[in-house]
Amino acid sequence: MWLFRSRRSTRRTTEDSSEDVKIPSHLAVFMDGNGRWAAKRGLPRSAGHRVGAEKLEDLCSWCGELGVQYLTVYAVSTENWSRPEEEVHALMELFVEFFERFDPALEREGIRVRFAGDIAALPERIRTVVRRAETNSLHRSRMQLIIAMNYGGRREIAQAVRDIARQVADGTILPDEVDESTVASHLYLPDVPDPDLVIRPSGELRLSNFLLWESAYSELWFDHVLWPDFSREDLMRAFRSFSSRKRRFGKVETP
Ligand code: IPE
Ligand code: IPE
Ligand code: MG
């Protein structure tokens with residue numbers, strides 16, 4: 001399963017075919033549709049979350065192999081805490097279990113783990129897992145796995161604004177000096193480049209508070225597949241579409 005190769009070029013011929021596919025440097029993925037996947041099978045929603053967590057292991061494997069450098073996954077949003085208590089509890093248990101089971105593979109394959117989100121608001125037990133996963137993986141450099149946990153784009157921006165307001169109040173910076181780069185430097189992971197491609201499975205066509213600032217110029221890919229059914233071929237279809245996009249960033253194309 002863990003067949004990583006240290007390939008880093010942007011365009012590559014995949015194992016799947018002879019086609020030339022452009023690989024996004026930073027891929028962001030919604031892990032969405034777990035509940036519907038379970039409901040279709042008459043299972044509790046937590047069963048869908050379990051299979052969804054296992055699918056993340058596959059996604060890391062595919063992305064590492066293909067040369068993605070940053071993989072951000074939307075795991076739990078700030079709004080997801082409003083779900084029934086038993087579902088929130090199941091999500092937290094799965095989170096702890098995921099790291100216990102998966103960390104050796106992450107270590108073997110050189111995957112650094114980082115978190116984006118309001119981590120301070122999480123229970124101490126979860127914060128301990130977060131701290132341990134980040135500290136233990138600091139030296140790994142093949143790919144960064146960024147887990148958006150208790151993440152909300154609006155909360156992230158509000159927190160950045162609060163930090164900047166404090167700096168203005170204590171005289172560290174002047175109001176007129178605040179620009180886009182100031183805001184960007186106060187986001188959760190300022191050193192991580194913006195996502196090149198955002199994939200949302202499950203058929204929903206909305207951003208649901210994910211990477212609101214960072215995805216300003218990301219390419220988007222929506223798919224009907226539910227996250228637990230997401231396959232390598234689904235990923236390649238998204239990459240093939242990404243390969244054909246013309247990213248203009250507001251400019252005109254140069255001939
Ligand atoms: C995504 O699946 C996982 C989380 C939001 C935690 P959902 O639980 O949203 O599944 P659906 O969208 O209800 O099917
Ligand atoms: C977004 O999905 C959060 C995650 C995938 C973790 P939701 O299922 O919470 O989003 P909505 O409620 O459909 O917008
Ligand atoms: Mg959902």
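Just so you know, ligand 1 is whichever comes first in the structure, and atom 1 is the first atom listed for that ligand.
Contact check on D191 versus R114 returns a salt bridge, with a Lys/Arg side-chain nitrogen under 4.0 Å from an Asp/Glu carboxylate oxygen. Salt-bridge annotation for R127 and D118: absent, with no side-chain N of the basic residue lying under 4.0 Å from a carboxylate O of the acidic one.
The cationic group of K22 lies under 6.0 Å from the six-membered ring centre of F242 and within 45° of the ring axis, placing it in a cation-pi geometry. Geometrically, R41 engages W37 in a cation-pi contact, judged by NZ or CZ lying under 6.0 Å from the ring centre and within 45° of the ring axis.
At under 3.5 Å, a nitrogen or oxygen of N34, whether backbone or side chain, sits near a nitrogen or oxygen of ligand 1. Considering backbone and side-chain N/O of D32, one or more are found under 3.5 Å from N/O of ligand 2. An N or O contact shorter than 3.5 Å links R36 to ligand 1 by distance.
Distances shorter than 4.0 angstrom occur between a heavy atom of G33 and an atom of ligand 1. Contact between E204 and ligand 1 is absent, with no heavy atom of the residue lying under 4.0 Å from the ligand.
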**OP:** Output, in order, the C-alpha distance, side-chain angles, deciding distance and verdict of side-chain hydrogen bond (donor to acceptor under 3.5 Å, both in side chains) for S202 and R36.
**Re:** CA-CA 9 Å; S202 92; R36 278 164 284 172; 3.1 Å; yes
**OP:** Under the side-chain contact (heavy atoms from CB on, under 4.5 Å) rule, what do W221 and L235 come out as? Steps first, then yes or no, please.
**Re:** CA-CA 10 Å; W221 174 256; L235 181 69; over 6 Å; no
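Coordination check, D32 versus the Mg ion (ligand 3): passed, since an N/O/S atom of the residue sits under 2.8 Å.
S77 places a side-chain N or O within donor-acceptor distance of the main-chain N or O of N80, the cut-off being under 3.5 Å. At least one donor-acceptor pair under 3.5 Å links the side chain of Y151 to the backbone N or O of L211.
Considering only non-hydrogen protein atoms, atom 9 (O) of ligand 2 sits nearest to N80 ND2, 2.9 Å. Among protein heavy atoms, atom 1 (C) of ligand 1 sits closest to M31 O, 2.9 Å. Among all protein heavy atoms, the one lying closest to atom 8 (O) of ligand 1 is R83 NH1, 2.6 Å. What sits closest to atom 6 (C) of ligand 1 on the protein, heavy atoms only, is A75 O, 3.3 Å. Scanning the protein for heavy atoms near atom 10 (O) of ligand 1, the closest one is G35 N, 2.9 Å. From the protein, the heavy atom lying nearest to atom 2 (O) of ligand 2 is R200 NH2, 3.5 Å. Protein heavy atom closest to atom 13 (O) of ligand 1, with residue, atom name and distance, is R45 NH2, 3.0 Å.
Numbered from 1 in the order shown, with element, the atoms of ligand 2 that lie under 4.0 Å from a heavy atom of R206 read 11 (P), 13 (O), 14 (O). The contact set between ligand 2 and S208, taken as ligand atoms under 4.0 Å from a residue heavy atom, comprises 10 (O), 11 (P), 14 (O). Annotation for ligand 1: atoms under 4.0 Å from non-hydrogen atoms of L91 are 6 (C).
The aromatic rings of F115 and F95 lie perpendicular to each other, with more than 60° between the two planes, well past the 30° mark.
Residue I146 is not grouped with residue L91 when hydrophobic side chains (ILVMFWY) are merged at heavy-atom distances under 4.5 angstrom, including chains of intermediate members.
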